[in-house]
Amino acid sequence: MKEEVLKIRHISKNYAHKQALKDISMTLHGGEILGFLGPSGSGKTTTIKIVTGQLEQSSGEAVILGRDTRKLDEKIYENIGIVTDTSGLYEEFSVYENLQLFAQLLNVEPKEIDRLLKKVGLIEQKKQPAAKLSKGQQQRLILARAILHRPKVLFLDEPTSGLDPTTALEIHRLLLELKETGMGIFLTTHNMDEATKLCEQVALLNDGKIVELGSPQDICLRHNSDKQYRILLKTKEEILLPHNRENSLKLSQWITEDQIEAIHSCEPTLEHVFLSVTGRELS
Ligand code: ADP
Ligand code: MG
C-alpha cells in the first residue's frame, strides 16, 4: 500500500465576495503525481495555499503527512517543497549561492548542491548570477531549490506555464524521476497533454468544483459515449466509422481482406471531456 501523503476532505473556501472552492476531496499518495487541472480562476492556487498551511479553509479538512493543515508548525517544511509563480530567486546571487542559502536553512549537506545541479542540468551555470539564466533555467533552479531537502510531498503551481516545449519536457523528465523516488507530487496545470502524460490521477476543476476525478484514461473512456474508429484504407481512403454491429462486420471484413493501412480508436481527450462537461475551454 502506498502512503497517503495528502488527504483533502470536503474543503470549501469563501473569500469576501467569492466562493473559490466548493467541497473538494482527493487523496495523493507517495510515488504518484496528482494533476489539478483547471482554467485560470478555477481555484488551483487557493487549494495549494490551504493544504500547505498558508491559508485557512472555510470548511472541511486537509491532512498532510498525518497532520491537520490548520495546525502545521515549521517542522513540516522539512518534508514539503513548494514551487509557485511567486517563488523568486536572489537574482544577483549565483546559481550555487541560491541553493547554498536554502541548504543552510534546511540543514542540507553542501555536497548535495552539486549533485542536484547536475541532475537539473545547471552545473555549468553554477557560478552565474541567477539573473543571467534563461526562463527555463530559472525554473529548473527554483525546482532544484524546492527539492534540495528531498521532501516527501512536492507542490508545483503551473511549473511549465510560459516555458518553451523543450524546457517543459525537461521539467517533465525531472518530475517523473522524482516520482520514482517515492515523492508525492501535486501538480496544477491548465495543460491537458502534460496532465495526461504525467499523472496517475487528475481532478478536473471548474469554478471551484471538481467535475471529474480519476486516471486520465478512465476519465476519457467514461466519456467515450459515441465510440468511433478512424480508418485509413490501403486505397488511401480515410473513413470515420461509428461503432455499431453493422460496422463491426464491415471492419472484420476489411481486416480479413487485408485492406487496412492504419486504424485508430477515437477516445476523447481530457480537453474534449472538459469542454463537454463544463462548456468551456481549459486555457
Ligand atoms: P487559479 O489558481 O486556478 O487561477 P485561484 O485559486 O487563484 O485560481 O482563484 C480562485 C478564485 O478565487 C478566483 O475567482 C479568484 O479571483 C478568487 N481569489 C483568489 N484569491 C483571492 C483573494 N485573496 N481574495 C478574493 N478573491 C480571491
Ligand atoms: Mg493560480
Side-chain angles (χ1 to χ4, degrees), residues 6-28 33-64 69-70 72 80-89 135-136 138-140 142-143 145-146 151 153-163 167-168 171-172 175 184-199 201-214 216 219 269-271 273-283:
L6 173 68
K7 193 165 189 83
I8 302 178
R9 288 195 209 107
H10 304 293
I11 290 270
S12 294
K13 173 68 188 173
N14 307 316
Y15 289 117
H17 300 287
K18 166 94 194 169
Q19 188 174 16
L21 292 176
K22 302 164 188 164
D23 199 20
I24 300 284
S25 298
M26 67 174 74
T27 304
L28 169 66
I33 304 182
L34 175 73
F36 213 45
L37 216 67
S40 184
S42 56
K44 302 183 294 296
T45 300
T46 299
T47 306
I48 288 195
K49 284 189 178 158
I50 290 172
V51 299
T52 55
Q54 304 172 65
L55 182 72
E56 197 162 312
Q57 64 269 34
S58 306
S59 60
E61 65 165 6
V63 175
I64 185 162
T69 55
R70 285 167 297 198
L72 297 178
I80 66 180
I82 309 174
V83 175
T84 67
D85 52 3
T86 57
S87 303
L89 295 166
K135 190 159 192 289
Q138 289 187 352
Q139 191 63 352
R140 277 183 281 149
I142 290 171
L143 182 60
R145 196 180 60 191
V153 198
L154 178 64
F155 294 91
L156 299 162
D157 201 358
E158 311 214 27
T160 56
S161 168
L163 295 184
T167 315
I171 302 262
H172 293 168
L175 297 185
I185 301 176
F186 187 101
L187 170 79
T188 82
T189 176
H190 54 253
N191 180 335
M192 290 292 168
D193 292 336
E194 177 165 282
T196 309
K197 204 175 81 186
L198 296 178
C199 301
Q201 261 204 97
V202 296
L204 302 191
L205 190 70
N206 183 44
D207 202 14
K209 260 211 293 268
I210 292 180
V211 292
E212 269 293 353
L213 180 68
I219 292 178
T269 62
L270 282 180
E271 189 97 45
V273 172
F274 194 84
L275 186 65
S276 83
V277 175
T278 67
R280 54 193 288 216
E281 306 266 349
L282 249 160
S283 38

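Values below: every heavy atom of this structure, side chains too, minus hydrogens, waters and symmetry copies. Starting from 1, each residue takes its place in the sequence as its number. Order of appearance sets the numbers: ligands from 1, and atoms from 1 within every ligand. Just so it is clear, the structure is predicted and the values come from calculations on it, not from any experiment.
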Do Lys22 and Asp207 have side chains that get closer than 4.5 Å, going by heavy atoms? yes
Would you say atom 15 (C) of ligand 1 has a protein heavy atom nearer than 4.0 Å? no
Which of the ligand 1 atoms, numbered from 1, are nearer than 4.0 Å to a heavy atom of Ser40: 4 (O)
So, are Arg9 and Glu61 salt-bridged, with charged N and O less than 4.0 Å apart? yes
Look at atom 8 (O) of ligand 1 and say which protein heavy atom is nearest, naming residue and atom and giving the distance to 0.1 Å. Gly43 N, 3.1 Å
Name the closest protein heavy atom to atom 5 (P) of ligand 1, giving the residue it belongs to and the distance to 0.1 Å. Thr46 OG1, 3.6 Å
for atom 7 (O) of ligand 1, nearest protein heavy atom and its distance come out as Thr45 CB, 3.8 Å
So is Gly208 in contact with ligand 1, going by heavy-atom distances below 4.0 Å? no
Applying a 4.0 Å heavy-atom criterion (strictly less than), which segment of Lys18 is in contact with ligand 1: side chain, backbone, both, or neither? side chain
If you draw a 6.0 Å radius around NZ in Lys209, do more than 12 non-hydrogen atoms from other residues or ligands fall strictly inside? no
When Gln201 is tested against each of Thr27, Ile219, Leu34 for side-chain contact (heavy atoms from CB on, under 4.5 Å), which residue passes? Leu34
Heavy-atom protein contact below 4.0 Å for atom 3 (O) of ligand 1: yes
Contact between ligand 1 and Gly38 is defined here as a heavy atom of the residue under 4.0 Å from a ligand atom; is it met? no
Is the number of heavy atoms from other residues, nucleotides or ligands under 6.0 Å of Lys13 NZ greater than 12? yes
Which of the ligand 1 atoms, numbered from 1, are nearer than 4.0 Å to a heavy atom of Ala20: 11 (C), 12 (O)
Measure the shortest side-chain to side-chain distance between Phe36 and Ile48 over non-hydrogen atoms and say whether it is less than 4.5 angstrom. no
Distance to 0.1 Å, residue and atom name: give those for the protein heavy atom nearest to atom 10 (C) of ligand 1. Gly41 O, 3.4 Å
Measuring from atom CD1 of Ile11 to atom OG1 of Thr46, what distance do you get when rounded to the nearest 0.5 angstrom? 11.5 Å
Ligand 1-proximal atoms of Ala16, by part, heavy-atom distance under 4.0 Å: neither
Would you say Thr188 has an N, O or S atom lying under 2.8 Å from the Mg ion (ligand 2)? no
Which ligand 1 atoms, with their elements, are less than 4.0 angstrom from a heavy-atom of Pro39? 3 (O)
So if I count the atoms of ligand 1 from 1 in the order they appear, which ones are less than 4.0 Å from some heavy atom of Ser42? 1 (P), 3 (O), 8 (O)
Kindly indicate, with the supporting measurements, whether the criterion side-chain hydrogen bond (donor to acceptor under 3.5 Å, both in side chains) is fulfilled by Thr167 and Gln139. CA-CA 9 Å; Thr167 315; Gln139 191 63 352; over 6 Å; no
Counting N and O atoms only, with roles assigned by atom type, does the side chain of Thr188 sit under 3.5 Å from a partner on the main chain of Glu158, one being a donor and the other an acceptor? yes
Between Thr269 and Glu271, is the side-chain hydrogen bond (donor to acceptor under 3.5 Å, both in side chains) condition met? List the steps. CA-CA 5 Å; Thr269 62; Glu271 189 97 45; 5.8 Å; no
Among all protein non-hydrogen atoms, which one is nearest to atom 19 (C) of ligand 1, and what is the separation to 0.1 Å? Tyr15 CE1, 3.3 Å
